*Asks:* 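Quick one: the structure is below, and I'll ask about it shortly.
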2 protein chains.
Amino acid sequence: MGKTERKERERKRRKDRILNAAISLIEEKGFEKTTMEEIAERAEFSKGTLYLYYNDKSSLFQAIKKRALKYLHDQFLQILQKDLPGAKLVHEMMITFLDLIHENATFTKAMMLYGKKSEQEVEATDGTIQEDCIQLENELLMLIVRSLQIGVQDGSINTKLDPKLLALQIGFQMNGMIQFCLTGSNKKGLQILDEKNMDLPDLMEQFLQTQFSQAG
Amino acid sequence: MGKTERKERERKRRKDRILNAAISLIEEKGFEKTTMEEIAERAEFSKGTLYLYYNDKSSLFQAIKKRALKYLHDQFLQILQKDLPGAKLVHEMMITFLDLIHENATFTKAMMLYGKKSEQEVEATDGTIQEDCIQLENELLMLIVRSLQIGVQDGSINTKLDPKLLALQIGFQMNGMIQFCLTGSNKKGLQILDEKNMDLPDLMEQFLQTQFSQAG
DNA sequence: ATAAAAAATAACTCTCAGTCATTAACTGAC
DNA sequence: GTCAGTTAATGACTGAGAGTTATTTTTTAT
């Protein structure tokens, strides 16, 4: 009798129920305005119960980040399976990223905000989730590196840079774009994109082309 | 008798006194752990007084951001005065930025964190400071554009891209690097930089070189 | 010297994260 | 079935800290 396993599964279910409640509320009212009380209500638990599943509010929010990272990781792995030139692999990965930003602001915000918590302010946050996130981030980076290496091999990528460094730069560019999306509407940047009739995916493509066509 | 002017000046003084108290405390204990009570104490005011000068905690933090942006703006203007090739101007601007990040984490954090406040969660925040920050950010961007245009003119920059778009990309890269610094120590990225014996300024230089040497 | 205005205060309210003592539900042994 | 033990859930409680306001102190003008 798989007693413990079932227990585990049910626990996971409940954790997810809470997480979903949190996400839907955050989408409606924003991060800071969402209270544990409300999350509990929507998940049909009492407040106290939430703390049986997540150490604190911060952990709960980090779990959202983790979910987003897991999604990206899955997608990246699938992309890497495809039999495409390396340059195209990287491009698809970046588009996947941008799509996520575009259609799910909550995930994006979670990805940026909860994970900073510098030394001084870590304290309570559940170490495990934090670790998982770091691990996932690293793996995402390495999947980009893999794609770059493939691209260098197959000739679709010409660069003077080491793939790892290039991956880092691409990561920075990606992060910069995310930040740009979060900072919101009022922006010279949007105006520029608009007057050139471009969007972020276009700009990302431009960027990658520049990076990938460096006469060695 | 310049009565009102003196009043204004004194008011500004007191605002600064509060701001400095806030910055020093944040440096010691981090953003979220710093309370209005403590800030008041250090500034030698009572808590209530703080609210005569800043609408709320969020405004106070945004004022820190504003100060950082003002500093950068001044620096950028000075750089632009110099009689240097455009490519060098941009490079110096970026180095200035990276220096700031490096030596003043508080400013950096403020720059990233307080300014997101998306629609849902703006509410009380002092509109004026917000506006000022947006204005400053836009001007920073335009100063980069100016430098790029100079570079295209003097031939130090070869690019297929429009200067405005290129400025945007450089801005993204910069933001990505800031984010990287904030996210803190535990990082594959640091390891990569380490094993290649590089730091962020090096990587930025690489990045700019790539961008500036695109055969047209 | 005094009325008016400006600046500062500290006691207060209110919201919300996180805790804990208690209760309910389930599980298995007999 | 029922009782002991374990796991899950509850909601009343505490404490911290943001923001408010009625009151007092200080400054300025006449």
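Being a predicted model, the structure only gives us computed values, none of them experimental. Per chain, numbering begins at 1; letters A, B, ... match sequence-line order.
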*Asks:* On DNA chain D, compare the nucleotides closest to G48(A) and E37(B); which residue's is nearer the 5' end?
*Replies:*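 Nearest nucleotide further toward 5': that of G48(A).
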*Asks:* Would E41(B) and K47(B) count as a salt bridge (charged side-chain N to carboxylate O under 4.0 Å, His left out) if you check the C-alpha gap in whole Å, the side-chain angles of each, and the deciding distance to 0.1 Å?
*Replies:* CA-CA 8 Å; E41(B) 199 182 327; K47(B) 182 156 72 123; over 6 Å; no
*Asks:* Out of dA9(D), dA7(C), dG18(C), which has the shortest distance to the side chain of R14(A)?
*Replies:* dA9(D)
*Asks:* Mind telling me whether F76(A) and F97(A) have parallel, tilted or perpendicular rings, with 30° and 60° as the class edges?
*Replies:*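 Rings of F97(A) and F76(A): perpendicular, as their planes differ by over 60°.
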*Asks:* Quick check: closest heavy atoms across M204(A) and M177(A), and the distance to 0.1 Å?
*Replies:* N-CE, 3.7 Å
*Asks:* Can you measure R6(B) atom CZ to dT28(D) atom P for me and round it to whole angstrom units?
*Replies:* 5 Å
*Asks:* Here's a test of your reading of the structure: between E10(B) and T35(B), which maps to the more 5' nucleotide of DNA chain D?
*Replies:*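 Mapping each residue to its closest nucleotide by heavy atoms, the 5'-most match is T35(B).
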*Asks:* Considering only side-chain heavy atoms of K7(B), which listed nucleotide, dT10(D), dA10(C), dT28(D), is closest?
*Replies:* dT28(D)
*Asks:* Provide, to the nearest angstrom, the distance between the CG atom belonging to L52(B) and the C1' atom belonging to dG19(D).
*Replies:*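 It works out to 12 Å between those atoms.
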*Asks:* How many Å lie between CD on E38(A) and P on dG11(D), as a whole number?
*Replies:* 17 Å
*Asks:* Closer than 4.0 Å, any side-chain N/O of Y53(A) to the OP1 or OP2 of dA9(D)?
*Replies:*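 Yes.
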*Asks:* Starting from C1' on dA17(C), measure out to CZ on F31(A) and report it in whole angstrom.
*Replies:*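 After rounding, the gap between these two atoms is 17 Å.
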*Asks:* Under 4.0 Å between a side-chain N/O of T49(A) and OP1 or OP2 of dT10(D), yes or no?
*Replies:*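 For dT10(D), OP1 or OP2 has a side-chain N or O of T49(A) closer than 4.0 Å.
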*Asks:* Expressed as a whole number of angstroms, how long is the span from Y51(A):OH to dT14(D):P?
*Replies:*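 Whole-Å distance recorded here is 17 Å.
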*Asks:* Are E137(B) and K65(B) within salt-bridge range, i.e. N to O under 4.0 Å?
*Replies:* yes
*Asks:* Once hydrogens and angles are ignored, does a donor-acceptor distance under 3.5 Å link the base of dA17(C) to the side chain of K47(A)?
*Replies:* yes
*Asks:* F45(B) has an atom CZ; how far is it from atom P of dA8(C), in whole Å?
*Replies:* 5 Å
*Asks:* Write down the distance between CG (L25(A)) and C1' (dC16(C)), rounded to a whole number of angstrom.
*Replies:* 15 Å
*Asks:* To the nearest Å, give me how far apart NZ (K29(B)) and C1' (dG17(D)) are.
*Replies:* 12 Å
*Asks:* Is the ring centre of F61(A) less than 6.0 Å from the ring centre of F31(A)?
*Replies:*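 Between F61(A) and F31(A), the centre distance is under 6.0 Å.
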